[in-house]
Protein chains: 2
Amino acid sequence: MTVSTNRNMRAGAPSQEEIRRQNLGALLRFVHERGQISRAELTSELGLNRSTIGALTADLTEAGLVTEEAPRETGRAGRPSLVVRAMSESIYAYAVSVEVDQIRVARIGLGGVLLDQRSIPRPRGSIAGTIDPITTFIKQMAGEGRCVGAGIAVCGMVRREDGMVHLSPYLGGAVDEPIADSLRERLPELLPQVAVANVADLCALAEHTRGVAAGCDNFIYMYGDVGVGAGIVAGGHRVTGHGGYGGEVGHMVVNPVGRPCGCGSKGCWETEIGEHTLLKLAQSTDIGAQAVLAVVDRASRGDHIAQAAVRQVGDWLGFGVANLVNIFNPELVIFGGTLRDVYLASAAQVRSKLNSIALAATREHVRLRTPALGSDGALIGAAELAFQQLLNDPLA
Amino acid sequence: MTVSTNRNMRAGAPSQEEIRRQNLGALLRFVHERGQISRAELTSELGLNRSTIGALTADLTEAGLVTEEAPRETGRAGRPSLVVRAMSESIYAYAVSVEVDQIRVARIGLGGVLLDQRSIPRPRGSIAGTIDPITTFIKQMAGEGRCVGAGIAVCGMVRREDGMVHLSPYLGGAVDEPIADSLRERLPELLPQVAVANVADLCALAEHTRGVAAGCDNFIYMYGDVGVGAGIVAGGHRVTGHGGYGGEVGHMVVNPVGRPCGCGSKGCWETEIGEHTLLKLAQSTDIGAQAVLAVVDRASRGDHIAQAAVRQVGDWLGFGVANLVNIFNPELVIFGGTLRDVYLASAAQVRSKLNSIALAATREHVRLRTPALGSDGALIGAAELAFQQLLNDPLA
DNA sequence: TTGGGTTTGTTGTCGGCGATAACAATTCAG
DNA sequence: CTGAATTGTTATCGCCGACAACAAACCCAA
């Protein structure tokens, strides 16, 4: 169904079955995140005995999830440790990214390997016909082995309870779409499970797992397209909020005397730093990510109008980020989507605002970065979401 | 030292020792939170077998942490289940609350029972002489049994790393105080452990454990005195941030053209809804929590100046809360400290701002409440903090 | 090439923990 | 007072990881 995961039943009384599950999960998660890892490393990282690691890997091997093979070069004295590798070709998930101007579908193997990928442009304003191309792509890419399900990243609000997607008004009116359920009904035998989440959240998850935010437990991923959203990780946990609508920072009001926003309020952050505003300020007649890139490019070439536009947007970007930094005290802020280029072109403004608004204690330890996974973050995060269930209970 | 707790070593490979620790901890936590609970309830709540519960309680009884006794009235057929009660008189913690205008110290038994309490007014502007009265009170209240340590709630920023307290500029200049370490050095044999945290965070913890936020995993506790802070719980975890400075919402800029703030920025939320502004708007010459109460009282009696002041502050209060609601999508917002009375007097303004600014999806499921524990929240939360270590590993 | 040192996989045994089942204890309904 | 219902208690069992001993495989030096 939806996200699920959290086995946090507040009672938390582990019994013997669960200890096995958790250890298998921890081991498989290591293999998944590092692609391949030696048994010797596993013993030290997991803090378990050699014999236990042996038994666990044997179980996972029997289940067809991992393989063991002799290492290429040892380098050190002593018996070389077997390398445990994820069965990336036969254990896989589908990753779907429903973005503003395109739909992407990928098949991603355990370990985070991109096996196959397709995409199709997405006409703005049209909401119908989202499921069809996804279904087609998935059928086309069907491979050998075992599919654990699909993860979907959407540029809209996702209700945690049932995975209902509330698409942004920009995309042709406010529409509630049960994308996950629809997809599962279409391909019941192919997809044992379909999970949905917000793009920003999944980009954050991806960067957390295998990007710039690796090992970082307090960070914010700012994602911009037409609107603005944030994937927030605090204390190592995704901030989803009660209904699943956490991180909707785009409608934080930053300018009480600002322009009206599509949400009914006015002066929302989104109206100050969104694609629409930047393009309008830069007197661009085009729209979309390419248009944003063009404006940034014009600015870098000395176009004064574009420069002024970028500076103004950068000021508001820094303003909002400074507020978020005060609230969350993160270690890292990542600028993704179109905000990546906007940030790169206006880093001075952003830093300046941060210095004048954020408290010294919170500002001094913040790193501002761009994504390590580029635009693949959403897909990798979606796959990560689909793999969660397997990683929590490998032998289910 | 500082907060500690989180046994989240990312590897997370539980062995047999840990399963016992966790089960003992889970059982003791239930007893602690409910004061007393029957063994039958424990079996169903923890999902463990009767015999296991018996063994666990036997261990805890032997350690002197709990007692078992026959129930008063059964009401149902069948053998009456033994009631497990916390040894509140002999297992206790000290709770300290360093507030703007007073210092409070309490002795609180396991199960959350208030055993003893003292307080002393705190002259504003003076920072020295905080440790002395605390030390004296603790010595005076020393009781029989085992003390697990002390928890301190402070109206200032607490660095997680080492528990260093950065007191608000309002309290006599920015001063870094190692309160926890100082106290532990003073009473090394009495206090095996001293933990510090922010007042708002601890009020949140208290309300989460035994207040209006019981069973609620996404909520915000707004605490106001001279400044404004928030204790934020997201997904059941406290949002502390990377350095421990999470929740410093008071310096979120809400009014880009607002008044300068002590932090160097201007238009901070704190300058719009803080005690100082309310009193100035209401033309009050007094200061402190009593003065705030007086203004609210004047407003309720029809004083137009006070009413206007309360309305204006209420507007900004609602503005900021709406932004936080958009960011966190909480289930509950609690108004504590002086904000309690401000909120009660301006609930209409707060709701109105919420309706006009917050997204429908996030706003509709938010409950606005006042604390169930009143002004004792900070003390109870501080004790809760001190008990964490015991609850995580009862037989350490 | 050979032997020592080193590191790791494998095997068998052991202790600990919770589940299970059978029995004893206690209460209530009639 | 008897039977039904519920719970505490005890003994046994299965499972899991720790531990120790041994075997395997590598590096290095003579």
Side-chain angles (χ1 to χ4, degrees), chain A residues 9 11-28 31 36-62 66-85 393-395, chain B residues 9 11-28 31 36-62 66-85 393-395:
Chain A
M9 47 183 74
S15 62
Q16 293 156 233
E17 317 162 0
E18 221 161 304
I19 179 170
R20 195 53 184 279
R21 264 205 297 271
Q22 289 193 21
N23 282 347
L24 283 169
L27 201 161
L28 188 58
V31 176
Q36 60 178 40
I37 181 173
S38 73
R39 269 161 72 160
E41 281 179 274
L42 285 170
T43 58
S44 65
E45 294 271 19
L46 291 177
L48 293 172
N49 199 279
R50 285 205 297 263
S51 50
T52 308
I53 297 292
L56 293 172
T57 50
D59 281 9
L60 293 179
T61 304
E62 195 183 5
V66 302
T67 335
E68 289 185 291
E69 50 190 34
R72 302 196 170 283
E73 292 178 0
T74 58
R76 278 190 316 180
R79 176 174 177 173
S81 189
L82 293 180
V83 170
V84 184
R85 225 167 39 81
D393 190 359
L395 306 182
Chain B
M9 48 184 73
S15 61
Q16 294 155 233
E17 317 163 359
E18 223 161 303
I19 180 172
R20 194 54 183 280
R21 263 206 297 272
Q22 289 191 22
N23 283 345
L24 283 168
L27 200 161
L28 188 57
V31 175
Q36 61 178 40
I37 181 172
S38 74
R39 270 162 70 160
E41 281 179 273
L42 284 171
T43 59
S44 65
E45 294 270 18
L46 291 177
L48 294 173
N49 199 279
R50 287 206 296 265
S51 51
T52 307
I53 297 291
L56 293 171
T57 50
D59 281 9
L60 294 178
T61 303
E62 195 184 4
V66 303
T67 336
E68 291 185 290
E69 49 190 35
R72 302 196 171 284
E73 291 178 1
T74 59
R76 279 190 315 181
R79 176 174 176 172
S81 188
L82 293 180
V83 169
V84 183
R85 226 168 38 82
D393 189 0
L395 304 183

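Here is how names work: the chains are called A, B, and so on, in the same order as the sequence lines, proteins then strands, and each is numbered from 1.
If you measure from atom CG of B:Leu56 to atom C1' of C:dA19, you get 13 Å, rounded to the nearest angstrom. What separates CG of B:Asn23 from C1' of C:dG16 is a distance of 13 Å, to the nearest Å. D:dG14 atom P lies 19 Å from atom CD1 of A:Ile19, rounded to whole Å. Taking atom CZ of A:Arg76 as the reference point, atom P of D:dA25 lies 18 Å away to the nearest angstrom. Spacing between atom CG of A:Leu395 and atom P of D:dC16 amounts to 10 Å, rounded to whole angstrom units. The separation between B:Leu42 atom CG and C:dG18 atom P is 14 Å, rounded to whole Å.
Looking at B:Glu68 and B:Arg85, no side-chain N of the basic residue comes within less than 4.0 Å of a carboxylate O on the acidic one, giving no salt bridge.
In the set C:dA25, D:dG17, D:dA11, the nucleotide with an atom closest to the side chain of B:Arg79 is C:dA25. Checked against D:dT10, C:dT10, C:dG18, the side chain of A:Arg39 finds its nearest nucleotide in C:dT10. The listed nucleotides are D:dC19, D:dG8, C:dT8; the one nearest the side chain of B:Leu82 is D:dG8. Residue A:Asn49 has its side chain nearest to D:dA18 when only C:dG18, D:dA18, C:dT8 are considered. Listed nucleotides: D:dT6, D:dC16, D:dA18. Nearest to the side chain of A:Thr52: D:dA18. In this structure, of C:dG9, D:dA5, D:dG14, it is D:dA5 that holds the atom nearest to the side chain of B:Ala77. Comparing atom distances between the B:Leu48 side chain and each of C:dA19, D:dG17, D:dT7 picks out C:dA19 as nearest.
Using a 4.0 Å heavy-atom distance criterion, A:Arg20 is classed as a sugar-phosphate-only contact. Residue B:Ile53 is out of contact with every strand shown, counting any heavy-atom pair closer than 4.0 Å. Within the 4.0 angstrom heavy-atom criterion, base atoms lie near B:Ser51.
Take the nearest nucleotide of DNA chain D for B:Thr43 and for A:Ala55: the residue whose nucleotide is more 5' is B:Thr43.
Residue B:Glu17 places no side-chain atom within donor-acceptor reach of the base of C:dG16, judged by atom type and a 3.5 Å distance cut-off alone. Evaluation of atom-type donor-acceptor distances gives no pair under 3.5 Å for the side chain of A:Ser38 against the base of C:dT8.
Of the candidates A:Val31, A:Leu27, A:Val83, A:Val31 is the only one forming a side-chain contact (heavy atoms from CB on, under 4.5 Å) with A:Ile37.
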Worksheet item: Where does DNA chain D pair, written as one dot-bracket string 5' to 3', with Watson-Crick or G-U pairs under 3.5 Å, ( ) inside the strand, [ ] for crossing pairs and | for another strand?
Response: ||||||||||||||||||||||||||||||
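The neighbour count for B:Glu69 CD, taken as heavy atoms of other residues, nucleotides or ligands under 6.0 Å away, is above 12.
OP1 or OP2 of C:dG9 lies within a sub-4.0 Å distance of a side-chain N or O belonging to A:Ser81. Listed pair A:Arg50 / C:dT7 fails the phosphate criterion, with no side-chain N or O lying under 4.0 Å from OP1 or OP2.
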